[in-house]
There are 2 protein chains.
Amino acid sequence: MIFLLLAVELVINLFDLKKVTILDIAKELNITFSTVARALNDHPAISAATKQSVRETAERLGYRPNKVASSLRSGKTKIIGILVPRLDVSFFSSVVHGVEGVMNENGYTILLYQSQESLKQENKGIETFLRSRVDGIIASISLETEVAGSYAEIRDRNIPLAFFDRVPPELNVPSVTIDDYRGGFMATEHLIASGYRRIVHINQYRNINIFNERLRGYLDALERYGIPVDERLIIRGDFSLEFGRQCVRDLLAEGIDFDAVFTLEDFTAMGVVQELKASGKRIPEEVGVVGFANEAFTSLVSPTISTVDQRTVEMGEEIARLFLKLLKKGDYYKHKPEKLVLEPKLLIRESSSRRHFPPSSGR
Amino acid sequence: MIFLLLAVELVINLFDLKKVTILDIAKELNITFSTVARALNDHPAISAATKQSVRETAERLGYRPNKVASSLRSGKTKIIGILVPRLDVSFFSSVVHGVEGVMNENGYTILLYQSQESLKQENKGIETFLRSRVDGIIASISLETEVAGSYAEIRDRNIPLAFFDRVPPELNVPSVTIDDYRGGFMATEHLIASGYRRIVHINQYRNINIFNERLRGYLDALERYGIPVDERLIIRGDFSLEFGRQCVRDLLAEGIDFDAVFTLEDFTAMGVVQELKASGKRIPEEVGVVGFANEAFTSLVSPTISTVDQRTVEMGEEIARLFLKLLKKGDYYKHKPEKLVLEPKLLIRESSSRRHFPPSSGR
DNA sequence: CTGAAAGCGCTAACAG
DNA sequence: CTGTTAGCGCTTTCAG
């Protein structure tokens with residue numbers, strides 16, 4: 001008989017495993033479910049004994065608090081939406097890695113969405129986040145996003161919003177970026193200091209703020225050291241390894257004189273290096289190269305490629321921390337938005353390590 | 001007067017923007033909220049006219065369906081939990097990229113959790129997913145997970161669960177993996193075919209199935225071609241670039257004869273290449289090298305490194321598709337679990353491209 | 001074709 | 001210290 005009862009209970013348990021609620025715990029202990037709720041939430045006005053027994057039976061019955069229900073009631077989901085262009089780009093996956101780590105320590109979970117660099121997908125992502133009632137949104141805009149349409153609505157709904165790296169221009173919201181201007185300046189200054197004078201800059205054709213800033217840094221560094229700007233040395237295209245190769249081929253074919261190349265990002269720099277090597281140019285003796293992003297391969301290829309590190313994981317951690325501060329305040333849009341700008345790190349490697357010319361000495 | 005009314009309405013709208021419900025739409029149209037609900041869900045028994053007007057006022061009022069409420073009621077969240085060791089490893093971020101893409105197309109959103117290779121974090125992630133009432137879980141286990149404890153509970157609760165790449169040994173659940181045995185075999189066979197005979201294999205010390213399989217492939221290839229196994233050529237450690245260098249230093253210091261190295265993964269192979277170059281060994285003439293994973297840098301360094309491609313994005317897409325099939329069935333654990341095994345791709349590059357010795361010709 | 005009503009599992013105000 | 005009660009916003013029967 002006792003065996004039969006046990007067996008029945010076991011079956012019931014297995015069957016109902018996924019629907020154990022605080023009411024079930026309450027019934028077991030002959031108390032009301034609100035007491036159970038309070039005990040589980042460690043409410044101060046509950047006796048230690050009650051808390052203990054509640055926790056035990058919760059454990060025994062395999063109770064899992066239903067976040068959906070508590071979210072509906074409390075209006076807080078403890079979920080943060082993260083919208084990135086794409087996760088198979090190491091820059092973004094590193095940042096998300098950093099964000100998730102910090103958010104997770106603070107009890108938040110990450111809802112992930114990729115815009116695939118498309119404006120339409122981006123808006124779909126925001127719509128999804130809004131419907132999911134996320135407690136906040138962290139985003140980096142797609143290349144297509146020139147005007148931040150859907151983001152305005154997030155602010156109107158008073159949902160915390162912050163950006164990293166790619167920030168929409170007109171929107172006045174918190175953000176974490178690196179100082180792309182400084183990055184461009186440092187890279188160019190370093191090339192000048194190493195004695196290079198005819199410095200090519202490969203940028204891209206879209207009107208993206210961070211990319212324009214790198215260009216501006218390049219231009220200002222030239223000006224600062226009295227080097228004339230030659231428009232033929234400023235090339236715009238769509239960044240890729242192949243485009244880097246193409247640029248070098250074109251420069252050589254057109255007989256344009258140059259002794260260094262500073263590229264928008266590392267894959268382009270890699271293409272430049274490959275094509276220079278193929279053309280018998282010595283790096284860094286004849287041509288210096290500096291990339292941008294500190295992709296893993298830049299320290300492994302030969303010559304190792306000088307580049308500008310964007311401090312990706314830190315960026316993720318900082319945006320998460322900034323965000324947690326935001327969440328504590330009630331009115332996110334009443335305060336002046338905090339804009340954190342990280343200093344990039346210039347990594348000087350073989351591709352630009354020529355003998356030193358002090359910048360002040362001029363030509 | 002009319003101006004005042006408009007102003008008041010505007011203020012109210014802005015203020016209530018985030019709390020527009022189906023009830024508000026219903027009031028506007030003098031119908032009941034259940035009609036509104038049906039209209040929004042495109043229920044067949046609602047007139048086209050009603051649907052039209054409901055949709056228009058929904059749009060006008062800035063209505064956003066509350067997924068939290070519908071999830072609570074329907075018991076479905078349309079959210080899939082993804083648990084990966086860490087997102088700053090390109091393998092995992094690529095897979096997640098693939099998964100998100102397919103899931104997103106099918107109306108699911110991704111809740112992301114990183115175990116950071118820790119068993120404790122892994123269990124926290126599962127707990128979070130359970131509490132969030134995700135509709136399913138896709139995971140790749142941490143290196144610490146030798147026994148799949150928490151995963152069993154997921155199955156007991158009849159929540160769809162599937163693994164990719166790192167699959168817990170005892171659990172009989174659906175999975176997508178690549179054929180690591182084949183990968184190990186192909187890499188070794190290729191080295192043998194290229195005339196290498198004293199082939200070192202660098203593996204690692206933990207008892208991880210996929211890594212053991214690569215070793216098994218290595219051993220079987222040797223046996224198949226009648227090459228004796230030399231235990232001194234099988235090295236175990238913790239994989240890293242530095243460990244690869246260390247292994248080569250040790251081999252050379254101990255005067256162990258070898259002419260090729262097949263490593264568990266690419267960073268170790270990179271270390272091997274670096275140290276071989278530093279020791280003046282010619283690659284591939286004196287020593288051949290093959291890695292595993294097809295990291296971006298392997299095709300960019302010199303010599304380019306032969307490796308085994310794991311088809312990461314495909315793996316993500318396949319696991320997502322397999323999962324969608326699972327979700328359609330009611331009883332996920334009644335059927336025999338589908339285990340998809342992808343064929344790895346051997347990529348022969350410079351580091352192992354020596355003159356060809358037909359495998360059958362022997363030594 | 002539309003309305004009425006119940007309830008998903010929890011939080012929190014109010015009452016003892 | 002514990003119980004009562006009223007929803008959160010939606011889905012889904014059951015009636016018309």
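Please read these numbers as outputs of a predicted model, since none were measured by experiment. Proteins get letters first, then strands, A, B, ... in listed order; numbering begins at 1 in each.
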Does [N] have OP1 or OP2 under 4.0 Å away from a side-chain N or O of [X]?
X	N	result
A/Ser70	C/dC10	no
B/Ser34	C/dA4	no
A/Asn66	C/dC8	no
A/Thr35	D/dT2	no

When the nearest nucleotide of DNA chain C is assigned to B/Ala69 and to B/Thr50 on a heavy-atom basis, which residue is associated with the more 5' position? B/Thr50
To the nearest Å, how far apart are [X] [atom1] and [N] [atom2]?
X	N	atom1	atom2	answer
B/Arg38	D/dT12	CZ	C1'	8 Å
B/Asp42	D/dT12	CG	P	15 Å
A/His43	C/dC14	NE2	P	14 Å
A/Lys76	C/dA12	NZ	P	11 Å
B/Lys78	D/dC10	NZ	P	18 Å
A/Phe33	D/dT4	CZ	C1'	8 Å
B/Asp24	D/dC10	CG	C1'	13 Å
B/Lys67	C/dC8	NZ	C1'	17 Å

Tell me which nucleotide among [options] gets nearest to the side chain of [X].
X	options	result
B/Arg73	C/dT11, C/dA13, C/dA6	C/dA6
A/Leu72	D/dG9, C/dC10, C/dT2	D/dG9
A/Ser47	D/dC1, D/dG9, D/dT11	D/dC1
B/Ser74	D/dC10, D/dT12, C/dG9	D/dT12

If you measure from the Lys or Arg side-chain nitrogens to the Asp or Glu carboxylate oxygens, is any gap between [X] and [Y] under 4.0 Å?
X	Y	value
A/Lys120	A/Glu144	no
A/Arg157	A/Glu153	yes
A/Lys124	A/Glu127	no

Can you check salt bridge (charged side-chain N to carboxylate O under 4.0 Å, His left out) on A/Asp135 and A/Lys78, steps first, answer last? CA-CA 6 Å; A/Asp135 286 349; A/Lys78 284 283 191 174; over 6 Å; no
Can you check whether A/Tyr151 and A/Phe163 have ring centres sitting under 6.0 Å from each other? yes
Students often get this wrong, so: under 4.0 angstrom with heavy atoms, is A/Leu23 touching a base, only sugar-phosphate, or nothing? nothing
